[in-house]
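We use all heavy atoms of the structure for the numbers below, so side chains are in, but hydrogens, waters and symmetry mates are not. First the proteins, then the strands, lettered A, B, ... as listed; each starts at 1.
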Amino acid sequence: MRKVTTIPAMADGYDVQAIEAKWQAYWRDHKTYEVDNGDPRPHFYVLCMYPYPSGRAHMGHVRNYTFGDLIVRHRTMLGNAVLSPMGFDSFGLPAENAAIRTGVHPRTFTDDRMAELRSSIERIGAVYDWRREVHSHDPSYIRWTQWIFLRFLEAGLAYRAMAPVNWDPVDQTVLANEQVLADGTAERSGALVEKRDLEQWFFRITDYAQELLDDLDGLDWPERVKVMQRNWIGRSEGAAFSMPVVDADGQEHADGVSVEVFTTRPDTSFGMTYAVMAPEHPLVSAVTTAERRADVEAFVDQVAGASDVERMSSQEALSKRGVFTGAYVRNPFTASPVPLYLADYVLMGYGTGAVMAVPSEDQRDWDFAVAHGLPHLRTVAPPQGWEGEAFTGDGPHINSGFLDGMLKDDAIVAAIDWLEGQGLGQRQVNFRLRDWLVSRQRFWGCPIPVVYCDECGVVPIPDDQLPVLAPDDVEFQPTGQSPLQSHEGFLHTSCPRCSGPVRRETDTMDTFVDSSWYFLRFCDPWSSDAPFSPAAVAEWMPVDQYIGGVEHAILHLMYARFFTKALADQGIAPATMREPFSRLFTQGMIRLDGEKMSKSKGNLVAPDEILDAEGADALRLAHLFVGPPQEDVDWEGVGLDGCSRFLQRLWRLAQGEVGSAAVVRDVTADDEQIERSVHRLMAKVGEDYERWSYNTAVAACMEATNDLYRYAQSEQGPRVDTLNFAVDTLLLLLAPMAPHLTAELWERRRGGHIHAERWPEPNPDLLGVDRVTMVVQVNGKVRDRIEVEAGITSQQAEDIALASTKVAAQLGGATPRKVVVRPPRLVNIVV
RNA sequence: GCGAGCGUGGCGGAAUGGCAGACGCGCCAGGUUUAGGUCCUGGUGUCCACUGGACGUGGGGGUUCGACUCCCCCCGCUCGCACCA
């Protein structure tokens, strides 16, 4: 917990609250950060992931918006037209759950929280073009989300299908695969997800699997996010081929049934000793023999009740449950029959739902073979002395007919060529990525704009009748059922096509649909005849800097990429716009005592308290100073007091309250040293801003302030022009980080608005120092430090180093074997 | 198991292959102050025979005149994926 300390005495006149309120009002009233389309300056689009309106801001928000705001202000000072919009991801279950608890309509609840969050965001001094605000539950936004849905429907990118889906029994809705964690619990509610067969709406994200994978290469994103997306897409290349079902003697079935399998290792086909189908495979009943039927049906029933995750990850699953069907399939490579099993580790949803099993070159198959007493045959020669089980490495093929002697890559190609030549199979690419399930059985989301007509089937609501809005006169019951499902007025309407009575769709869209295009709406939020104009999108997109939490690495960031590509292909967005976010930065989490800070853990440190005491600038600076922005931080490590003290010191310095009075004089060596150090500071802070090294930028400014304190307190007093130049520069460099204090001081010292000033650029001629400390090493160990002219030659440096008495003592008369000279900083004498 | 990242003082952390520990917190001392706090100045890796020296960036090896930094092996922590054929 934060220690309650006495508030440091204020520097004279530094009234944090008054100053911060004054400048927040200034930026609002002067529309400082509003930017119009068509602005002639070079464009830069900075975006923080829009938040779910949860009420007052928490520390994660503060951190996120501090980074974003810093970039907005820095880029503006660099002369860019910076688009900095903000909005709210305002659909979602918390509002609906609150409605069930309290009876307050989700809109009222959400609007209240949005207002709270907006005002606490403003209190940290983050600036936005609020004219462009969008929120998901705004009817004008709903209209265009629905419009896009209908365009996807027309294009075949949205479709309805019966599928085994993830059902969350707590939130009473289905979930997308991406919203179920590896342990089988729901990402949002934590409930153990069940499997149900339901008819649901999907977006055909798999159409873009290859492009989503390929285009990752060109993105300036954290590598781990790209890796996570690549894993999620899960491309694998191989062959699919079919095998006729036969009996133990190799006699084909009269009905000519065959099983299609997918493999990435067709080169090992000669080693196939059995085959496996998923228990849900449509051919199960057809292939099962009479004497095995009872066992097979028992197994299928047992598996049917389990979720994918239970099947794939639990301990029982790893024990390789399976059952023999009594049938065999003929391996086309050897023409021999192998037994056909069912096993729950084979999934119907991937590949063909059936696999060939090669125990000698696949550990999973090896384990299953051991458990069920099946043989194995090596087809890739393992290395000498191999004592492992399955060998998955490369080696010359054996026992493999025409593949014998080949290495893996050649053998794969040869095996596929052979399959294609025989007309038995073909090269195939599979993806792990599934289509995106977007329907949710909840009230507080964007309604799916279709009706069901007995005559016409699924009928879209015509564009001119959008938006379809949920009714207000609804009652929320703790049944878990969406009130839309029982609202007669909403449910019944007439068919847009045949005018007959129809039933409305009562499902709403996943809230990730809303967040998949909000960054496009920000470019043109006033558009009333399209979700946005292609010209406005072309003007601002892609987002130059996107900032958010790594928890969205797959979900939001994959969906938004899909939307961008799909909208471009539908001609709604410019065709060339293939990616939404050029650069992504994922900030670290804030922990408290090692735990994630969150409402549910009850370990929040409220920013409001700190804003009341130390103020926004100190809080922002503390977040920037604590460490590298991409790293997680513990709140204990956030040095608020130190940052607050620093700002007070800066205030006193800038107000002329430190040291003796400044004097007018010609430049002395000391003055010049200060001036040069200020140019170096400009270079340092500028570079640090570019490379997201804010902690070192703050440190450099603190160091400069300490130097200026000593300078101001020096015997001869500070030179007035030198001190002013140094302080003014320091204020400019800090303006993006501590906007209120620097604005106030600038106005008092210089007049005008600091954030309208140009970013200071160093004079390259003054970046060097004239005298430096040269390090003299003997055998790599520092033995002396000597002040030298910065411009000395190698020979001079060597001479000076060898003249050192300390060095002579170390050498003890020995002759150097070698002298490494890096003038003017270092000489290393090797003996 | 696979993949990625990380291991530096009491703490958060700095350091393009070239002075390890910038900056801040904490702590110690001095000054200011009636006192405490604030504020100002200085000190603060460990050890020793203390105007100096030895050791020191998870452990071990290597490359190099020189390694926190590059390479190999090991240990530990964090995150992601995990029967995807």
Side-chain angles (χ1 to χ4, degrees), chain A residues 5-11 182 222-228 230-232 234-236 238 240 261-265 275-276 278 308 311-313 317-318 320 343-347 349-358 362-365 367-368 430-434 550 553-554 589 594 621-622 625-628 630-634 636-643 645-646 648-649 652 657-659 693 695-706 709-710 713 773-782 784-785 806 809 816-822 825-831:
Chain A
T5 50
T6 353
I7 299 165
M10 274 177 192
E223 194 54 34
R224 66 180 178 135
V225 175
K226 294 207 255 185
V227 167
M228 283 163 76
R230 284 191 195 107
N231 290 342
W232 189 261
R235 182 184 196 274
S236 61
V261 294
F262 172 74
T263 178
T264 55
R265 292 295 302 276
V276 191
D308 274 9
R311 279 174 58 175
M312 306 304 282
S313 300
L318 292 171
K320 299 291 169 191
D344 61 358
Y345 76 86
V346 175
L347 299 173
Y350 186 76
T352 59
V355 299
M356 69 171 197
V358 184
D362 186 303
Q363 189 61 40
R364 298 160 300 185
D365 297 344
D367 293 341
F368 189 88
N430 272 332
F431 293 93
R432 208 185 78 121
L433 182 71
R434 309 299 157 80
V550 76
I554 295 176
M589 269 186 339
L621 213 57
F625 184 55
V626 66
Q630 68 278 10
E631 302 291 327
D632 290 354
V633 297
D634 199 298
E636 287 294 317
V638 176
L640 193 65
D641 292 344
C643 290
R645 271 203 282 265
F646 164 66
Q648 315 252 9
R649 275 166 71 78
R652 284 190 290 269
E657 295 164 17
V658 176
S693 185
N695 53 329
T696 55
V698 175
C701 291
M702 288 176 166
E703 201 172 358
T705 303
N706 294 343
Y709 259 65
R710 277 187 288 273
Q713 293 172 8
T773 306
M774 182 173 79
V775 171
V776 185
Q777 300 177 330
V778 177
N779 290 333
K781 296 196 174 179
V782 180
D784 202 1
R785 296 187 168 92
K806 287 175 185 165
R817 271 198 302 129
K818 182 173 179 183
V819 180
V820 180
V821 188
R822 294 282 179 278
R825 296 273 178 192
L826 179 128
V827 175
N828 188 13
I829 299 159
V830 186
V831 289

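Looking only at side-chain heavy atoms (C-beta outward), A:Thr352 and A:Tyr350 stay at 4.5 Å or farther from each other.
Side-chain contact check for A:Arg649 and A:Asn706: at least one donor-acceptor pair (N or O, by modelled atom type) lies under 3.5 Å.
Across all strands, A:Asn779 comes closer than 4.0 Å to no nucleic acid atom at all (heavy-atom distances). In this structure, A:Val820 reaches the bases: a heavy-atom distance under 4.0 Å links it to at least one base atom across the strands shown. Across all strands shown, A:Tyr709 has heavy atoms under 4.0 Å from sugar-phosphate atoms exclusively, and none from any base. As judged by a 4.0 angstrom heavy-atom cut-off over every strand, A:Gln713 is placed among residues touching the sugar-phosphate backbone only. Base contact: A:Val355 has a heavy atom under 4.0 Å from a base atom. Contacts of A:Arg710 with the nucleic acid, taken as non-hydrogen atoms under 4.0 Å apart, involve only primed sugar atoms and P, OP1 or OP2.
Residue-to-nucleotide contacts include a donor-acceptor pair under 3.5 Å from the side chain of A:Asn828 to the base of B:C65. Taking 3.5 Å as the limit, the base of B:G18 and the side chain of A:Arg822 contain a donor-acceptor pair of atoms between them.
Between A:Asn231 and B:G3 there is no side-chain polar atom (N or O) within less than 4.0 angstrom of OP1 or OP2. For A:Thr696 and B:C23, the shortest distance from a side-chain N or O to OP1 or OP2 is not below 4.0 Å. Listed pair A:Arg432 / B:C81 fails the phosphate criterion, with no side-chain N or O lying under 4.0 Å from OP1 or OP2. For the pair A:Arg825 and B:G17, the criterion of a side-chain N or O lying under 4.0 Å from OP1 or OP2 is not met. Distances shown here put every side-chain N or O of A:Arg230 at or beyond 4.0 Å from the OP1 or OP2 atom of B:G80.
Side-chain proximity of A:Ala699 to the nucleotides B:G13, B:C40, B:A22 is greatest for B:A22. For A:Lys781, counting side-chain heavy atoms from C-beta on, the closest listed nucleotide (B:G24, B:C40, B:C55) is B:C55. For A:Met702, whose side chain is taken as the heavy atoms from C-beta onward, the closest listed nucleotide among B:U41, B:G80, B:G24 is B:G24. Side chain of A:Ser236, nearest nucleotide from B:A14, B:A85, B:G12: B:A85.
Using the Watson-Crick or G-U wobble rule with both distances under 3.5 Å, B:G56 pairs with nothing in any strand shown. Across all strands shown, B:G7 forms a Watson-Crick or G-U wobble pair with B:C75, both key distances being under 3.5 Å. Nucleotide B:C50 forms no Watson-Crick or G-U wobble pair with any nucleotide shown, as no partner meets the under 3.5 Å limit on both distances. For B:G17, there is no paired nucleotide, since no Watson-Crick or G-U wobble pair has both relevant distances below 3.5 Å. When both distances must be under 3.5 Å, the Watson-Crick or G-U wobble mate of B:U41 is B:A29. Using N1 to N3 plus N6-O4 or O6-N4 for Watson-Crick, or N1-O2 and O6-N3 for G-U wobble, each under 3.5 Å, B:C2 pairs with B:G80. Summarising the base pairing, B:A67 is matched to no nucleotide, lacking a Watson-Crick or G-U wobble pair whose two defining distances lie under 3.5 Å.
Taking atom P in both B:G7 and B:G59, one finds a spacing of 13 Å when rounded to whole Å. Distance check on atom P: B:G43 versus B:G21 gives 14 Å, rounded to whole Å. Between B:G45 and B:G36, the two C1' atoms lie 32 Å apart (nearest whole Å). Comparing the C1' positions of B:U32 and B:U38 gives an interatomic distance of 11 Å, to the nearest angstrom. Between B:G58 and B:G10, the two P atoms lie 13 Å apart (nearest whole Å). Between the P atoms of B:G24 and B:U51, the separation comes to 30 Å (whole Å). Between the C1' atoms of B:C74 and B:A22, the separation comes to 32 Å (whole Å). Between the C1' atoms of B:C75 and B:C11, the separation comes to 24 Å (whole Å).
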Which is it for A:Phe646 and A:Phe625 under the side chain to side chain contact (heavy atoms under 4.5 Å, CB included) test, yes or no, and what are the steps along the way? CA-CA 12 Å; A:Phe646 164 66; A:Phe625 184 55; over 6 Å; no
